[in-house]
Amino acid sequence: MQFVDETSITVEAGKGGNGCLSFRREKFVPRGGPDGGDGGHGGSVYLIGDESLNTLIDFKYQRFYKAQNGQPGQGRQMSGKAGDDLHVKVPVGTTVIDEDTLEVIADVTAEGQVVLVAQGGRRGLGNIHFKSSTNRAPRRTTPGTEGERRKLRLEMKVMADVGLLGMPNAGKSTLIRAVSAAKPKVADYPFTTLVPNLGVVKLGTHEHFVMADVPGLIEGASDGAGLGLRFLKHLTRTRLLLHVVDAAPFDESDPVEAVRAIAGELERFSPTLAELPRWLVINKLDLLPEDEREARVADIVSRLGWGGPVFRIAAIAGEGTDELVQAAYRWLTEQRRLEHEDEEAAEREREMRARMEAESVARVEAHQARLRVKRGEVNDDDDFDDDDYDVEVEYTR
């Protein structure tokens with residue numbers, strides 16, 4: 001199955017029906033008068049959140065969506081039938097952006113959430129509305145108005161509470177396999193993960209949260225290097241980031257420099273995203289002799305000047321993972337309680353999400369603009385669209 005998380009579509013609402021120009025023509029009614037009815041309103045276009053969808057692939061093959069036009073009015077004061085509204089299902093987690101203005105129209109974040117994206121045209125009035133004491137036989141009607149037409153960009157972001165980030169081969173996929181039922185591909189080479197994977201971490205009855213594993217980031221990810229820019233945006237839906245670090249990289253690279261590089265990419269992509277709570281998770285400690293592990297952890301923490309929570313794990317063996325997910329669940333529960341009890345805290349959270357979304361949209365748009373310019377310099381093909389990002393992969397949830 002193809003995982004598509006960005007695409008563009010065009011939506012067009014229906015045109016309103018025209019008003020009718022008509023006069024009564026009945027036997028024994030010599031002075032009939034006007035009886036033209038109104039047209040019907042044009043249908044509108046709505047998007048509806050659907051949790052059963054996890055990709056935007058359907059929109060790759062159908063790009064144009066149009067609601068029904070309203071019917072014109074008729075004589076005998078009969079109104080035209082209104083056009084049927086068009087309801088289009090989209091995955092929960094979809095951001096809807098107007099491509100012309102870059103305005104974020106809505107975030108579809110709940111099952112069944114309905115968003116109006118194109119308003120149907122208004123009906124025209126029949127000549128019966130223009131009858132007066134001085135104009136007993138009006139020949140005036142109004143036409144129906146055109147329905148709204150919009151070009152939209154849909155961006156799907158996975159809905160998760162906790163996001164994993166780190167360099168390729170840091171052990172993120174192994175960690176999510178160890179703590180949830182998700183089974184992403186794991187191998188001994190970088191970029192094994194090509195799409196986000198979601199896993200539900202269950203701790204007990206009614207105690208669970210959703211964890212997201214996104215493809216590994218590299219330096220320059222915020223400018224489009226590797227798969228970073230394509231999937232950095234998925235982290236904007238999370239509340240907590242777990243920065244997974246390989247304590248014993250096979251290429252003998254410096255874990256501290258890896259952490260700093262990823263932190264820099266977060267800052268460049270979205271300063272607000274970089275402010276999200278981030279915990280340091282030092283992985284693969286089982287590859288080190290026991291008497292060297294604590295010294296390695298202390299060295300990494302000291303050189304980073306890290307002041308936040310630090311967790312020591314060996315994901316492949318499950319060591320330390322229980323403590324990590326328990327701490328994450330307690331933190332998430334406390335945050336939800338604070339937002340529920342304190343309206344100011346809830347408002348700050350909403351404002352932060354809005355800033356993060358605006359920064360994400362601006363960064364992606366700037367990158368696409370650079371690609372368009374680059375393509376224009378290389379050849380005359382300026383037919384750029386989001387399909388250029390498509391990757392044929394298996395999506396596991």
Side-chain angles (χ1 to χ4, degrees), residues 4-13 44-51 53-56 58-60 63-65 86-119 147-161 163 196 212 214 222 224 228-239 241 266-276 339 346-372 384-387 389:
V4 179
D5 62 351
E6 292 181 7
T7 191
S8 294
I9 63 172
T10 299
V11 295
E12 183 177 334
S44 300
V45 182
Y46 296 88
L47 301 184
I48 301 180
D50 188 342
E51 288 183 341
L53 302 177
N54 54 25
T55 174
L56 297 172
D58 292 341
F59 298 99
K60 176 183 177 183
R63 300 272 187 159
F64 182 70
Y65 296 83
L86 179 62
H87 295 84
V88 183
K89 293 182 179 181
V90 297
V92 172
T94 299
T95 300
V96 187
I97 303 166
D98 188 310
E99 285 213 330
D100 294 326
T101 64
L102 297 184
E103 173 195 3
V104 177
I105 298 172
D107 269 335
V108 182
T109 57
E111 170 73 17
Q113 181 181 343
V114 179
V115 176
L116 173 66
V117 291
Q119 177 68 55
E148 194 174 12
R149 181 186 176 100
R150 269 178 160 175
K151 188 171 183 182
L152 306 176
R153 185 163 83 237
L154 305 181
E155 294 185 356
M156 193 197 81
K157 302 180 181 70
V158 297
M159 299 293 290
D161 302 298
V214 301
S222 59
L229 188 64
R230 177 169 171 79
F231 296 119
L232 264 170
K233 64 177 182 285
H234 290 286
L235 296 176
T236 62
R237 295 286 192 198
T238 62
R239 290 171 170 266
L241 300 177
L266 290 180
E267 177 69 30
R268 282 187 284 275
F269 179 77
S270 166
T272 307
L273 174 60
E275 294 174 3
L276 277 184
E339 291 173 23
E347 181 60 28
R348 286 195 299 270
E349 178 72 14
R350 287 191 290 268
E351 290 177 356
M352 181 201 62
R353 297 289 162 188
R355 287 199 311 273
M356 205 154 34
E357 186 62 46
E359 291 165 359
S360 171
V361 170
R363 192 69 183 184
V364 172
E365 180 61 26
H367 175 65
Q368 291 182 354
R370 288 195 299 270
L371 284 179
R372 294 187 187 101
F384 173 80
D385 58 39
D386 296 319
D387 290 342
Y389 284 115

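Being a predicted model, the structure only gives us computed values, none of them experimental. In this chain, numbering begins with 1 at the start of the sequence shown.
- In this structure, the ring of Phe59 has its center no less than 6.0 angstrom from the ring center of Phe64.
- Leu56 and Pro91 make their closest contact through CD2-CD, 3.4 Å (heavy atoms, listed as atom of the first residue, atom of the second, distance).
- Judged by distance alone, with hydrogens and angles left aside, the side-chain atoms of Glu339 form no donor-acceptor pair with the main-chain N or O of Ala346 at under 3.5 Å.
- Note that NZ of Lys151 and OG of Ser8 are 5.5 Å apart. Values are rounded to the nearest 0.5 Å.
- For the pair Glu6/Leu154, no side-chain contact is recorded, criterion being any heavy-atom separation below 4.5 Å from C-beta on.
- Of the inter-residue distances, the one linking Thr94 atom OG1 with Asp50 atom CG reads 10.0 Å to the nearest 0.5 angstrom.
- In this structure, the side chains of Leu235 and Leu273 come closer than 4.5 Å at one or more pairs of heavy atoms.
- A side-chain N or O of Arg63 and one of Thr7 form a donor-acceptor pair less than 3.5 Å apart.
- With sequence neighbours excluded, the residues that form a side-chain contact (heavy atoms from CB on, under 4.5 Å) with Arg353 are Arg239, Leu276, Glu349, Met356.
- The two residues Ala274 and Glu267 have their closest heavy-atom pair at CB-OE1, 3.5 Å.
- Remark: Val117 engages Val11, Val45, Leu47, Val96, Val115, Leu152 in a side-chain contact (heavy atoms from CB on, under 4.5 Å) (not counting sequence neighbours).
- Considering NE2 of His87 and OG of Ser44, their distance stands at 9.0 Å, rounded to 0.5 Å.
- One distance of note links CD of Glu155 with CD1 of Ile97; it measures 4.0 Å at 0.5 Å rounding.
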Could you list the donor-acceptor pairs under 3.5 angstrom formed by side chains in residues 101-110, with sequence neighbours left out?
| residue | atom | partner | partner atom | Å |
| --- | --- | --- | --- | --- |
| Thr101 | OG1 | Glu103 | N | 3.2 |
| Asp107 | OD1 | Thr95 | OG1 | 2.7 |
| Asp107 | OD1 | Arg237 | NH2 | 3.3 |

Item checked: Worked check of side chain to side chain contact (heavy atoms under 4.5 Å, CB included) between Thr10 and Arg149 -> CA-CA 7 Å; Thr10 299; Arg149 181 186 176 100; 3.8 Å; yes

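- Looking at Glu111, its side chain does come within 3.5 Å of a backbone N or O of Glu51 through a donor-acceptor pair.
- Checked against salt bridge (Lys or Arg N to Asp or Glu O under 4.0 Å), Glu347 has the following partners two or more places apart in sequence or in another chain: Arg350.
- Under the side-chain contact (heavy atoms from CB on, under 4.5 Å) criterion, Ala160 pairs with Leu198, Val210, Ala212, Thr238, sequence neighbours left out.
- If you check the side chains of Glu357 and Thr236, you find no donor sitting under 3.5 Å from an acceptor.
- Tyr65 has its side chain within reach of Leu86: a pair of non-hydrogen atoms, C-beta onward, lies under 4.5 Å apart.
- In terms of the salt bridge (Lys or Arg N to Asp or Glu O under 4.0 Å) criterion, residue partners of Asp98 (sequence neighbours excluded) are, by chain and number, Arg150.
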